[in-house]
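Notes to accompany the following structure.
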Amino acid sequence: MTGKAKPKKHTAKEIAAKVDAATTNRGGGKAGQADRTGQEKGGHAKYECPHCKITAPDLKTMQIHHDARHPKLPFEEEKLANLHAVHVADSSKPRPGVKGSHKNNFVEGSSKSS
């Protein structure tokens, strides 16, 4: 008969990876959806297709989309809606990809007074 299995101890690297995954904004959820659609601050999507209203971050990506989805229509750059020109970014709102959560934003050394 074999002995009982020893419980696995987690490494510092594994724990740090879990903390990073838990506190870094990966763009999912409602905040990520608002960023992708450009509701609040323009988001990553800068251009909007005039035909199907899909968004793209730059002209080259929009041209690739247009060639793939609308091959019979001519690509007219001036008809693209620039979402960043319409929306003004508010600097007080959190930016996508900002590391850390709102709970953990404190000045080091100020949380403990020994």
Side-chain angles (χ1 to χ4, degrees):
M1 268 173 59
T2 59
K4 292 182 179 178
K6 290 184 179 179
K8 181 179 178 183
K9 294 184 179 178
H10 298 284
T11 63
K13 181 179 177 183
E14 188 178 20
I15 292 170
K18 286 183 179 183
V19 169
D20 181 53
T23 58
T24 303
N25 180 5
R26 303 286 184 204
K30 292 200 182 254
Q33 183 182 16
D35 177 50
R36 289 188 299 273
T37 58
Q39 291 173 345
E40 296 180 356
K41 50 193 176 294
H44 294 141
K46 185 173 182 179
Y47 296 102
E48 183 179 59
C49 179
H51 308 294
C52 62
K53 304 298 181 198
I54 197 166
T55 56
D58 55 14
L59 274 175
K60 186 172 183 175
T61 307
M62 182 53 73
Q63 185 159 7
I64 292 169
H65 158 77
H66 192 275
D67 293 341
R69 300 292 177 197
H70 316 291
K72 294 181 181 179
L73 300 171
F75 180 70
E76 298 171 2
E77 189 176 320
E78 59 275 357
K79 285 191 175 181
L80 297 176
N82 187 345
L83 298 177
H84 286 196
V86 176
H87 298 285
V88 177
D90 186 9
S91 62
S92 66
K93 294 184 181 179
R95 294 189 180 111
V98 173
K99 187 174 175 114
S101 66
H102 296 291
K103 294 184 280 185
N104 295 335
N105 290 339
F106 63 90
V107 178
E108 192 167 324
S110 66
S111 64
K112 293 183 180 179
S113 57
S114 301

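Here the structure is a predicted model, which is why all the values come from computation and not from measurement.
- Not counting sequence neighbours, the partners of Ile64 by the side chain to side chain contact (heavy atoms under 4.5 Å, CB included) test are Lys60.
- His51 and His70 have tilted rings, their planes meeting at an angle from 30° to 60° on a 0 to 90° scale.
- Within a 6.0 Å radius of CD in Glu77, other residues, nucleotides and ligands contribute 12 heavy atoms or fewer.
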**OP:** Evaluate the criterion side chain to side chain contact (heavy atoms under 4.5 Å, CB included) for residue pair Arg69 and Cys49; output intermediate values, then yes/no.
**Re:** CA-CA 10 Å; Arg69 300 292 177 197; Cys49 179; over 6 Å; no

Original post:
Can Leu59 and Tyr47 be said to form a side chain to side chain contact (heavy atoms under 4.5 Å, CB included), step by step?
Top reply: CA-CA 7 Å; Leu59 274 175; Tyr47 296 102; 4.0 Å; yes

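- Of all heavy-atom pairs between Met62 and Ile54, the closest is CE-O, 3.8 Å.
- Contact of the Cys52 side chain with the His65 side chain is registered, since non-hydrogen atoms from C-beta on lie closer than 4.5 Å.
- Two residues are said to be in side-chain contact when any heavy atoms from C-beta on lie closer than 4.5 Å; Lys46 and Pro57 fail this criterion.
- Taken from NE2 in His66 to CD in Glu76, the straight-line distance is 7.5 Å, to the nearest 0.5 Å.
- Residues Glu48 and Leu80 are not in side-chain contact: their nearest non-hydrogen atoms beyond the backbone lie 4.5 Å or more apart.
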